[in-house]
Amino acid sequence: MTTIFDKILSGQIPCDEVFSDNKCLAFKDITPQAPTHILIIPRKPIKSLKDITKEDQELLGHLLLKGTEIANAAGLESWRTIINTGEEAGQTVFHLHIHIIGGRKLSWPPG
Ligand code: 5GP
């Protein structure tokens with residue numbers, strides 16, 4: 001099934017791009033939950049963390065590393081890295097994505 005993120009990857013839908021390479025794309029969330037709210041998605045169409053395999057190990061490390069580089073470039077001292085997995089956990093787009101959220105005090109535990 002094609003998701004909104006597939007359409008962003010193919011250029012059908014525009015995004016506010018932050019970073020791009022041959023493995024991933026990072027862009028600003030359309031409904032930011034904090035002053036900085038960036039999504040990092042793999043170009044590979046993986047639905048969620050439920051669907052990863054050993055083959056994705058390097059890619060997942062790459063996404064996390066880019067998350068740190070992007071958070072540092074945004075000047076964040078603290079941030080939260082979130083991967084919602086499955087509907088009950090709050091996943092609404094079924095193309096794997098990492099949220100980088102920061103720039104304000106964040107509460108815990110999540111709702
Ligand atoms: P999830 O709830 O699946 O973890 O996160 C999906 C995120 O995608 C949400 O934070 C939502 O605001 C964001 N989002 C949904 N559609 C679009 C879109 O068309 N463009 C951008 N930039 N973000 C989107």
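Just so you know, ligand 1 is whichever comes first in the structure, and atom 1 is the first atom listed for that ligand. Not measured: the values here are computed from a predicted model.
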Heavy-atom pair with the smallest gap, counting every atom of Ala71 and Ile100: CB-CG2, 4.1 Å

Check: Gly90 N/O within less than 3.5 Å of ligand 1 N/O: yes

Min heavy-atom dist Ile13 to ligand 1 below 4.0 Å: no

Heavy atom of the protein closest to atom 22 (N) of ligand 1 (residue, atom name, distance): Lys28 O, 2.9 Å

Proximal atoms of ligand 1 relative to Thr31 (non-hydrogen, under 4.0 Å): 12 (O)

Heavy atom of the protein closest to atom 16 (N) of ligand 1 (residue, atom name, distance): Ile4 CG2, 4.0 Å

Element-labelled atoms of ligand 1 that are located less than 4.0 Å from some non-hydrogen atom of His97: 1 (P), 3 (O), 4 (O), 5 (O), 6 (C)

Side chain, backbone, both or neither: Ile8 near ligand 1, heavy atoms under 4.0 Å: side chain

Nearest-neighbour protein heavy atom for atom 12 (O) of ligand 1, which is reported as residue plus atom name and distance: Asp29 OD1, 2.5 Å

Test item: side-chain donor near acceptor, Arg43 and Ser20, under 3.5 Å: yes

Qualifying residue for side chain to side chain contact (heavy atoms under 4.5 Å, CB included) with Lys28, from Val18, Leu39, Thr36: Val18

Main-chain N/O of Glu58 paired with His62 side-chain donor or acceptor, under 3.5 Å: no

Side-chain donor/acceptor of Gln12 to backbone N/O of Lys7, under 3.5 Å: no

Salt bridge (charged side-chain N to carboxylate O under 4.0 Å, His left out) partners of Asp56, counting only residues at least two apart: Lys44

Polar contact flag for Gln91 and ligand 1 (N/O pairs, less than 3.5 Å): no

Heavy-atom gap Phe5 to ligand 1 smaller than 4.0 Å: yes

Separation of Glu87 CD from Ser48 OG (nearest 0.5 Å): 11.0 Å

Part of Ile30 with heavy atoms under 4.0 Å of ligand 1, whether side chain, backbone, both or neither: both

Option set Leu96, Ile38, Thr92, criterion heavy-atom distance to atom 3 (O) of ligand 1, minimum: Thr92

Atoms in ligand 1 flagged as close to His99, the criterion being non-hydrogen separation under 4.0 Å: 1 (P), 4 (O), 5 (O), 7 (C), 10 (O)

Numbering as shown, the atoms of ligand 1 that approach Phe27 to under 4.0 Å (heavy-atom distance): 21 (C), 22 (N)

Gln33 side-chain N/O to Thr31 backbone N/O, donor-acceptor pair under 3.5 Å: yes

Arg80 side chain to His99 backbone, donor-acceptor under 3.5 Å: no

